[in-house]
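Numbers restart at 1 for each chain; the letters A, B, ... are given by sequence-line order, proteins then strands.
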Amino acid sequence: MPVAGPPSQPSRRAFLAGLAGAVGAVGLTACSEQTGGRPVAVPVSENAGGDHPNLVVIVSDDHRADHVSYHPDHPAFLSTPNIDRLAQQGMVANNAFVTTALCSPSRGTFLSGQYASRHGVQNNLTAWNPDTETFFEPLMAAGYDCAFIGKWHMPGKLPDLRGVDTFITFTAEEGQGQYVDCPLLINGEMVDRPGTYITEDLTDLALEWINNRPPGKPYALWLAHKAVHHRFIPPENRRGALADADLSNLPPESFAFLSLMDENIWEGTLGNLQTLYRRYNETLLGLDDQVGRILDDVDLDDTYVIYTSDNGYSWGEHVLTGKRWAYEENTRVPFVAAGPGIEPGTTDAMILNADVAPTLLEWAGVQGLTQAQGTSVAGVLAGGDAVRDEFMYEYFPDYPYHVPGMQAVRDDQWLYVEYDRGRDPQLFDIVADPRTQNDVAASNPDVTADMAARLQRLRDQVAAGGVV
Amino acid sequence: MNKVLALLPAAIVLVASIFVKAFAERYEVLGAAYAPLLNAGVLLRAFGMFASVVLVWGLLRSRGASRGVLALAILSGPIAYGITAAIDALAYFPAGQAAYYGINPIAIATVAGQCAAAAASEIVWRWWSRRRGQDVGSPVTWGIVAAIGAGLMTVFFTVLYQGGVPFFYVYQRGYMLLFT
């Protein structure tokens, strides 16, 4: 299976990448002037992990933050020893969030460092703008081999993604893919994959790509899994593993057939909640197994690894299944980073999906991605101070899902949400009410007014393309 | 009276919808009965949408209901769903999009489900009537079998096959064509 090879035709990108690599090899720095409106990467000689550490980002789908066994509130039946292993070797971010809790917008934000309102993939129906710059471009220009392997799932035509040597994705089910026998688009060629389970198959391809890298040349791997998105189909060796699990952790407002409510009916979760929830967790066990295979293969002395997810997931909280809302279950994601210079520990600093791209570039010692609105958290992950104490959340209506458009601001204590179509704003005291059950806007007018002003400031900042 | 009977499916949908909306999340009010009652509520609503015509079909046939009333019995549950769903959708989308919501894949499936249920009820009613010595024709005809088959297949392909995902994307493409 041709995975590791170059694109079929040498491209200008490949030429530039080779050129940049050659420049780096003789110890020079590239210039920072812009060519054709695009920033040219500037290799920097000093950074925490040596000149050019490898970069591996593993992004799962719909993996909620408390469903990893390193989390103090994880379900008792759930064990994720491999993600835990990464956590033991790296920094766990206790307050990692996404700026839009929905697959496509969040993926766009990860890649570009921009808010959905800026990169334009506002929901699962609005197209990716092929002119959007991703972190791959400056990395490739700096001499990195780059691979995108896994879920793309952004509307519009699949792009000729600039900055990657290898682009492996899937188009089945409108880009959602399928767990079993999922055909893959490998560097432009559709390939049937009979007898495969997608999480394992993508991991196989990722390992093959890693192990075919030329010695001494840094690489950046983006590995985006379908798991643990619905329809929650675990690998065979994990099916039924949690058949006897005690599911008393499901919230009190949940009930078995809440999937039949209009609020949930499009989430692809028709059926018994407990059954689906077991399968979700069994699928997660399979994902953890595959994360372990990647960890077995990389050396954290010269490789940074991030594990995170595109958004969280509600399992009955607020009588909802799915994501999209500004509630904690949806916006919080697992986030673990390990690699050179990162001491094991935890941080309460707020980290966003928009921060990933700038962080990768800082680790690589590469400048670029001038449109990014996130901030590098390389310092935070090395034990430094927080880079923000609040962030803005945004969600755009996504037909036919029964979720209003909303914008929110969240700090360490408060979550303030403004909705469209005339709904009243809500204010939640996250410290006193972590399940966001009680709207306290009316009883806290001063806080509400202050948060509304902060939201407006952030909204203006984001709209202007500012860093947040 | 026949028209009232024909509206029973709609009444089931409406009552169950109101109950579920009123008590969802009210677990502190309902206590231990919360989950059983809410489950019963959503399942009753689904029954009202998809198959409740079985409750009235035989009665209507015995009472000599007209074709129009029989059609009302088949459609009243789906129409009640479509209207309430479209009204609900107004909270999230502009009027045109909310109206389109009223003909979503589930609405289509409810019509198909009620057709299949009516056809199955017709078999039962004819069989029962013949046992009572009435000449109502053969209980099983190609037309009835075809109605059951077509109805079930439509339900299957709109909401059950692969979790309803393929047909959902067809519906979404319709949305894109109409509204974007």
Side-chain angles (χ1 to χ4, degrees), chain A residues 123-127 155 172-179 229-233 250-274 276 316-320 324 395-406 419-423 435 437, chain B residues 16-17 20-21 23-28 30-47 49-50 81 84-94 97-98 100-106 159-160 162-166 168-176 178-180:
Chain A
N123 55 32
N124 286 347
L125 299 172
T126 47
E173 298 194 4
E174 305 283 323
Q176 290 285 9
Q178 56 200 45
Y179 277 99
H229 193 274
H230 76 71
R231 289 175 269 136
F232 318 125
I233 298 176
L250 287 170
E253 65 269 35
S254 69
F255 53 94
F257 292 103
L258 63 81
S259 65
L260 294 175
M261 295 174 66
D262 280 339
E263 289 82 353
N264 305 314
I265 204 146
W266 306 114
E267 290 293 343
T269 52
L270 279 180
N272 181 298
L273 185 75
Q274 283 84 359
L276 294 164
E317 293 86 358
H318 297 275
V319 200
L320 297 170
R324 303 166 188 275
Y395 174 83
F396 299 88
D398 187 32
Y399 198 86
Y401 297 89
H402 279 37
V403 184
M406 69 187 82
Y419 299 98
D420 66 8
R421 302 194 66 76
R423 286 185 176 224
R435 289 201 333 109
Q437 297 288 297
Chain B
S17 298
V20 171
K21 274 200 178 300
F23 287 100
E25 283 199 85
R26 307 286 297 274
Y27 58 95
E28 288 169 343
L30 296 178
Y34 173 78
L37 285 176
L38 266 293
N39 282 324
V42 293
L43 291 171
L44 180 65
R45 178 169 176 262
F47 171 73
M49 290 158 55
F50 282 92
Y81 165 72
T84 55
I87 291 171
D88 274 356
L90 274 174
Y92 307 97
F93 307 107
Q97 297 180 28
Y100 183 65
Y101 189 86
I103 53 166
N104 66 49
I106 292 165
V159 297
L160 297 178
Q162 294 190 351
V165 169
F168 172 77
Y169 287 130
V170 172
Y171 176 68
Q172 259 197 339
R173 284 182 184 168
Y175 167 83
M176 297 285 282
L178 288 169
F179 300 107
T180 62

Where on [X] is there a heavy atom nearer than 4.5 Å to chain A: the side chain, the backbone, both, or neither?
X         : answer
Phe179(B) : neither
Pro36(B)  : neither
Val165(B) : side chain
Tyr27(B)  : side chain

Chain B contact via Tyr419(A) - side chain, backbone, both or neither, heavy atoms under 4.5 Å: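 Contact with chain B involves no heavy atom of Tyr419(A) at all.
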Below 4.5 Å from any heavy atom of chain B, which atoms of Ser254(A) appear? Answer side chain, backbone, both or neither.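 Backbone of Ser254(A) only, per the 4.5 Å heavy-atom cut-off to chain B.
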Ile106(B)/Trp266(A) under side-chain contact (heavy atoms from CB on, under 4.5 Å): CA gap, chis, key distance, verdict: CA-CA 10 Å; Ile106(B) 292 165; Trp266(A) 306 114; 3.7 Å; yes
Are any of the side-chain heavy atoms of Tyr81(B) and Asp262(A) separated by less than 4.5 Å?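 Counting from C-beta outward, Tyr81(B) and Asp262(A) do come under 4.5 Å.
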Could you tell me which of [options] has the largest number of non-hydrogen atom pairs under 4.5 Å with chain A?
options                                 : value
Pro94(B), Ala98(B), Gly41(B)            : Pro94(B)
Arg26(B), Gln162(B), Gln97(B)           : Gln162(B)
Thr84(B), Val159(B), Leu43(B), Asp88(B) : Leu43(B)

Other residues, nucleotides and ligands only: do more than 12 of their heavy atoms fall within 6.0 Å of CZ on Arg423(A)?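 Yes, CZ of Arg423(A) has more than 12 neighbouring heavy atoms, counting only those of other groups under 6.0 Å.
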Among [options], single out the residue with the greatest number of heavy-atom pairs under 4.5 Å to chain B.
options                                    : value
Asn124(A), Leu125(A), Val403(A)            : Leu125(A)
Gln178(A), His318(A), Gln176(A), His230(A) : His318(A)
Ala256(A), Pro397(A), Gly271(A)            : Ala256(A)

Are Phe23(B) and Tyr34(B) close enough that their ring centers fall under 6.0 Å?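 No - the distance between ring centres of Phe23(B) and Tyr34(B) does not fall below the 6.0 Å cut-off.
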Kindly state whether the ring of Tyr101(B) and the ring of Phe93(B) have centres lying under 6.0 angstrom apart.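 Here the rings of Phe93(B) and Tyr101(B) have centres that are no less than 6.0 Å from each other.
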Of all residues at least two apart in sequence or in a different chain, which pass the side-chain hydrogen bond (donor to acceptor under 3.5 Å, both in side chains) check with Tyr179(A)?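 None.
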Partner residues of Glu25(B) under the side-chain hydrogen bond (donor to acceptor under 3.5 Å, both in side chains) criterion, sequence neighbours left out: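 Not a single residue meets the side-chain hydrogen bond (donor to acceptor under 3.5 Å, both in side chains) criterion with Glu25(B).
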side-chain contact (heavy atoms from CB on, under 4.5 Å), paired with Phe257(A), selected from Asn272(A), Leu270(A), Asn264(A):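 Of all the options given, the one that passes is Asn272(A).
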